[in-house]
Amino acid sequence: MADAVLGNENARSPLGFLKDSFPAVAVITIVVSIIFPMPTFILDALMAINLIFSLLILLIVLYTNKPTDFSLFPTLLLVSTIFSLALNVSSTRCILRDGQGFNGRMIKAFSTFVVGTSGTEGIVIGFIIFIIIIAVQIIVITKGATRVSEVAARFTLDSMTVRMMAVETEYNSGAITEEESQIRKAQIQKEADFYGSMDGASKFISGNVKVGVFIIIVEMIGGFIIGSAMYGESNVISTYIAFAIGDGLVTQLPALLVSTAMAIVVTRAAATGSLPQQVVDQIFGRDPLVYWICAAVLVFLSVLPGFPWYVLLPMAAITAFHAYRTGNLKKKAVPFGETKAGGRAEQKDEKAADFPPVVPLDALSLELGYGLVPLVEKEKGAELLERVMGVRSQSAYDLGLVIPKVRIIDNSLLAPTEYCFKIKGVDCGRGKIRLGFYLCINPGTVTAEIKGIETIDPAFGIPALWIEQERRDEAERAGYTVVDPPSIIATHLTEIIRSHAANILGLQDTQLILDTLRKDYPAVVDEALREGKGLRVTEVQKILHGLLREKVSIRNLVSILEAVADYAPVSKNIWFLTEKARQAISNQICHQYADEDKRLRVLIIDPALEQKIIEAKYETASGMLCALDPPTQKAWIKAVSKAVTAVKEKGWMPVILCSEQARFLVKNSTDRELPDLAVLSVPEIVPDVIPEQVGIIRIEEAGEQ
C-alpha cells in the first residue's frame with residue numbers, strides 16, 4: 001500500500017507530470033506548428049533542436065549493441081519526419097511573409113557560412129550542394145536502405161515460425177529452461193516486429209526528401225512572384241533563391257543524418273556489439289601483413305611524380321606503426337599461460353606460495369581450448385556463462401540436484417576448438433566447436449537436404465552438419481534443428497549431468513541438502529537419521545546415488561526419507577532401502593516412462609530366466625551383483641538387446657517389468673551394455689498407469705516380440 005501511495009505521489013509531482021506529458025505535447029506542437037505562424041527566433045531554436053535530435057539518433061544507433069535494442073527507432077523516424085516537414089512549412093511561410101526582411105539566423109548561416117561564400121557565386125555553389133545532398137539521399141542512401149529493410153523484413157517474417165520451432169525443440173530436449181525459451185521467443189517476435197516496422201518507416205525518409213524538394217521549388221517560385229509582382233523588390237531571384245537554399249540545407253542535413261542512421265540499422269541485422277567496437281575488431285584488428293602492404297603502397301605512390309608525398313608519407317608511417325604495434329600485441333598474447341615453447345608460464349603472483357599443498361578437485365569443470373575463450377569473455381556477451389547457469393537451474397528442477405558451480409578454465413593441451421568436461425578431475429565428455437558455424441541436426445522432418453561439413457553431435461552422438469552463419473535461415477526453413485556453439489556445449493553439459501549425477505553428488509552436498517530440508521521438515525530428517533535405528537549420512541548418500549544412476553529425480557526427498565525412516569529399523573541394506581525409496585516415489589517413476597494415454601509398454605522376463613537371475617545374486621562389500629556365468633550373460637544381453645530394438649522400432653520406450661527381488665539384478669546385469677534401459681518392479685506400478693505387455697525376453701528365442 002505504501003509503495004502504491006509513493007508511486008501516486010511521484011506521478012503527481014511536477015517532474016513526473018512533465019516526463020509523462022512531454023511526448024504528447026511535443027507531437028501536438030509539431031502538428032500545430034504547420035498551421036500557425038511562429039517568430040523567427042523560435043524557428044531558429046526548433047531548427048537547432050532538429051539538428052541536435054537527428055545527431056543524437058545517429059549516435060545512439062552507432063553505439064547500440066543490437067538493432068532491436070533501439071526498438072523505438074521506427075517511431076522516432078516518423079516523429080523526426082513530421083518535425084522536419086513542420087519546420088520546412090514554417091520557414092517557407094516566414095520567408096514568403098517577410099521577404100528581404102527575413103532574419104532567420106539558422107537559414108542565413110546555412111545559405112552563406114556553410115556554403116563558404118556569398119553573392120551570386122555562393123548561390124550557385126549552395127544550389128549545387130543542395131542538389132548533391134538530395135541526389136545522395138534519394139539515389140544512394142534512401143533507396144538502398146529501403147531495399148535492405150524490405151529484404152530483412154521478408155526473411156525475418158519467413159523464418160520466424162521455423163526459429164520458434166527450433167527454440168521449442170531445444171526446450172523439449174532440456175537444452176534451455178522454460179524461462180529462456182520464453183525470452184528467446186519474445187526476442188524473435190521483437191525482431192520480426194522491428195524489421196516489419198522498419199520496412200514501413202523507411203518510406204518516411206524517402207517521402208520527406210521528395211516533399212523537401214517540392215517545398216524548395218515552391219518557395220523559389222512563390223518568392224519570385226511575391227517579391228517582384230507584389231512588393232517590387234530588387235534582387236528577387238538572388239534573395240529568395242539564397243533563402244530557399246539555406247532552408248533546404250538546414251532541413252535536409254538532419255534528414256541526411258536520420259537516413260544514415262536508418263541505413264546503419266537495417267544493414268546491421270545480424271550484428272552484435274556497437275559499431276565502433278566492430279570497426280576496431282574487424283578493420284583495425286586484422287593480420288599485420290595487411291597494414292604492411294598498405295604502408296608499402298602508400299610509399300610507392302609518394303615517389304611517383306605529381307603525388308603529394310607530404311601527405312602520403314605520414315600516412316604510410318602511421319599505417320606502418322599500426323602494423324608494428326598489432327604484430328607485437330599478437331606476439332605478447334600467448335594463450336592461456338603458455339610460453340612460446342609450449343610449457344607453462346611461471347606464475348608471477350607472490351601469493352602463490354600461500355596455496356594449500358593439496359587443492360581439492362572441482363566437482364564439475366569445463367576446460368576450453370584457447371579458440372573457444374570468446375564464448376566466455378564479458379566483452380563479447382559471455383553467452384556460454386548464461387547458458388551454463390540455465391543448465392544448472394534446469395537440472396535442479398529435473399533431478400532435484402543442485403549442481404555446484406561449473407569452473408570454466410582454459411587448457412593449453414586441448415586443441416584450439418576443443419572443449420572437455422571433467423567430474424572431479426576425470427574426463428567424462430568432450431567435443432569440438434567451429435566458431436562462426438552452426439550445427440545442423442536432422443530431427444526427421446527435413447524437407448530439403450543442405451550441404452555442410454559432416455560431423456557428429458557431441459551430446460547425442462548422432463550425425464550432424466556444420467554450416468556458415470549466413471545459411472542459418474536456409475537450414476531452418478529446410479526443417480533442420482540449428483544450434484549455435486554455446487547451445488551445443490550447454491546441451492552436452494545437460495547430458496553429462498543426467499548421466500553422471502551420482503558422481504557429482506558428494507557427501508558434503510548430501511549433508512547440505514539434509515540441513516536445508518531440516519528447516520521445513522525436521523521430523524522427517526531426524527527420524528531418518530535417528531541414532532541407533534536410523535541411517536548415517538553416507539548411507540543416505542548411497543541411496544540417492546542409486547536413484548540418480550537410473551535417472552530418477554530425488555526432488556521428492558521428503559517421500560524418499562519417509563520410506564527410509566519406515567524400513568531402516570527392519571534392514572539397513574542399501575539395496576533393500578533403495579527399492580523401498582523407489583516404491584515411495586513410484587507415481588513419479590511410472591509417469592516418467594508412461595505414454596500420454598498413461599500406458600506403460602513393458603517387456604517381461606521368462607519366469608525361469610528371472611529365477612535364474614535371482615539365484616545368480618552375489619553379495620560383495622560394495623553391494624550386490626548379478627553373477628551369471630559368461631555364456632548365459634552373453635545370451636541374456638543378446639536377448640535383451642533384440643527385444644529392446646524391436647520395441648524401439650515401434651516408437652515405444654523400452655521398459656522391463658520384473659519382480660522386486662530381480663529388479664536391481666536385471667539393471668545391474670544390463671547396465672554396461674544398455675545403460676539407458678529402464679527396469680521397473682511390480683510394486684512400482686501405480687493404479688492409474690496401465691502396463692501393457694509388448695514382448696517376452698527368453699534366452700532360447702533370443703527375445704520374442
Side-chain angles (χ1 to χ4, degrees), residues 395-401 498 501-502 505 510 513 517 521 524-525 527-528 535 539-605 607 610 613-614 617 623-624 626 644 647 652-671 674-695 697:
S395 298
Y397 180 82
D398 292 340
L399 295 176
L401 176 64
R498 285 170 52 84
L505 180 64
T510 306
I513 292 173
L517 192 65
Y521 301 93
V524 176
V525 177
E527 186 67 18
L535 299 179
E539 292 170 326
V540 174
Q541 180 193 15
K542 290 179 181 178
I543 294 172
L544 299 182
H545 279 181
L547 297 173
L548 291 172
R549 280 195 195 93
E550 299 190 43
K551 298 180 176 60
V552 175
S553 173
I554 60 172
R555 193 175 180 188
N556 191 3
L557 190 57
V558 174
S559 298
I560 294 172
L561 292 181
E562 286 177 349
V564 168
D566 286 341
Y567 290 96
V570 178
S571 172
K572 292 187 179 181
N573 184 286
I574 300 300
W575 162 80
F576 172 77
L577 293 175
T578 302
E579 293 301 313
K580 296 304 178 184
R582 287 177 60 92
Q583 294 168 23
I585 56 173
S586 56
N587 191 43
Q588 165 194 319
I589 295 175
C590 281
H591 285 86
Q592 181 177 343
Y593 299 109
D595 295 339
E596 294 181 357
D597 57 358
K598 295 187 178 181
R599 289 188 176 274
L600 190 66
R601 271 75 179 192
V602 298
L603 293 165
I604 65 171
I605 306 173
E610 183 175 330
I613 292 174
I614 294 174
K617 179 175 67 174
M624 188 169 56
C626 179
V644 166
V647 173
W652 299 328
M653 178 177 290
V655 177
I656 295 179
L657 182 64
C658 58
S659 64
E660 180 181 358
Q661 294 82 4
R663 197 210 69 82
F664 181 79
L665 297 172
V666 171
K667 179 63 179 174
N668 175 261
S669 63
T670 59
D671 204 30
L674 302 167
D676 295 327
L677 179 62
V679 183
L680 274 63
S681 65
V682 175
E684 295 175 15
I685 304 299
V686 294
D688 62 333
V689 173
I690 303 173
E692 180 181 325
Q693 178 184 329
V694 294
I697 302 175

Any heavy-atom pair between the side chains of [Y] and [X] that's under 4.5 Å?
| X | Y | answer |
| --- | --- | --- |
| Glu539 | Val564 | no |
| Ile613 | Cys658 | no |
| Ile554 | Leu399 | no |
| Gln588 | Val552 | yes |
| Arg582 | Ser681 | no |
| Val540 | Ile560 | no |
| Leu600 | Leu680 | yes |

Asp676/Lys551 ion pair, N-O < 4.0 Å: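 The answer is yes: the pair qualifies as a salt bridge.
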Cationic N near anionic O, under 4.0 Å, Glu579 to Arg663: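 Judged by the 4.0 Å cut-off on N to carboxylate O distance, Glu579 and Arg663 do form a salt bridge.
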Which pair of non-hydrogen atoms, one from [X] and one from [Y], has the smallest distance, and what is that distance?
| X | Y | answer |
| --- | --- | --- |
| Ile585 | Ser559 | CG2-CB, 4.0 Å |
| Leu548 | Ala501 | CD1-O, 3.9 Å |
| Ala565 | Glu527 | CB-CG, 3.6 Å |
| Gly400 | Ser553 | N-OG, 3.7 Å |

With distance as the sole test, does [X] use its side chain to make a donor-acceptor pair with the main-chain N or O of [Y] at under 3.5 Å?
| X | Y | value |
| --- | --- | --- |
| Ser586 | Ile685 | no |
| Glu684 | Ile589 | no |
| Lys667 | Pro675 | yes |
| Lys542 | Trp575 | no |
| His545 | Leu505 | yes |

Hey, what do you get for [atom1] ([X]) to [atom2] ([Y]), rounding to the nearest 0.5 Å?
| X | Y | atom1 | atom2 | result |
| --- | --- | --- | --- | --- |
| Ile690 | Asp595 | CD1 | CG | 11.0 Å |
| Tyr521 | Leu561 | OH | CG | 11.5 Å |
| Tyr567 | Asn573 | OH | CG | 14.5 Å |
| Asn587 | Gln592 | CG | CD | 11.5 Å |
| Gln693 | Leu603 | CD | CG | 8.5 Å |
| Glu692 | Leu657 | CD | CG | 12.5 Å |

Check against side-chain contact (heavy atoms from CB on, under 4.5 Å), Met624 and Asn668: CA-CA 9 Å; Met624 188 169 56; Asn668 175 261; over 6 Å; no
Leu547/Thr578 under side-chain contact (heavy atoms from CB on, under 4.5 Å): CA gap, chis, key distance, verdict: CA-CA 7 Å; Leu547 297 173; Thr578 302; 4.3 Å; yes
Crowding at OH, Tyr593 (>12 non-hydrogen neighbours, <6.0 Å):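 For Tyr593, atom OH is crowded (more than 12 foreign heavy atoms under 6.0 Å).
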Heavy atoms of other groups near Phe576 CZ, more than 12 under 6.0 Å: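 Correct, the count exceeds 12.
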Stepwise side-chain contact (heavy atoms from CB on, under 4.5 Å) check, Leu535 with Leu577: CA-CA 10 Å; Leu535 299 179; Leu577 293 175; 3.6 Å; yes
Stepwise side-chain contact (heavy atoms from CB on, under 4.5 Å) test for Leu677 and Val666: CA-CA 10 Å; Leu677 179 62; Val666 171; 5.7 Å; no
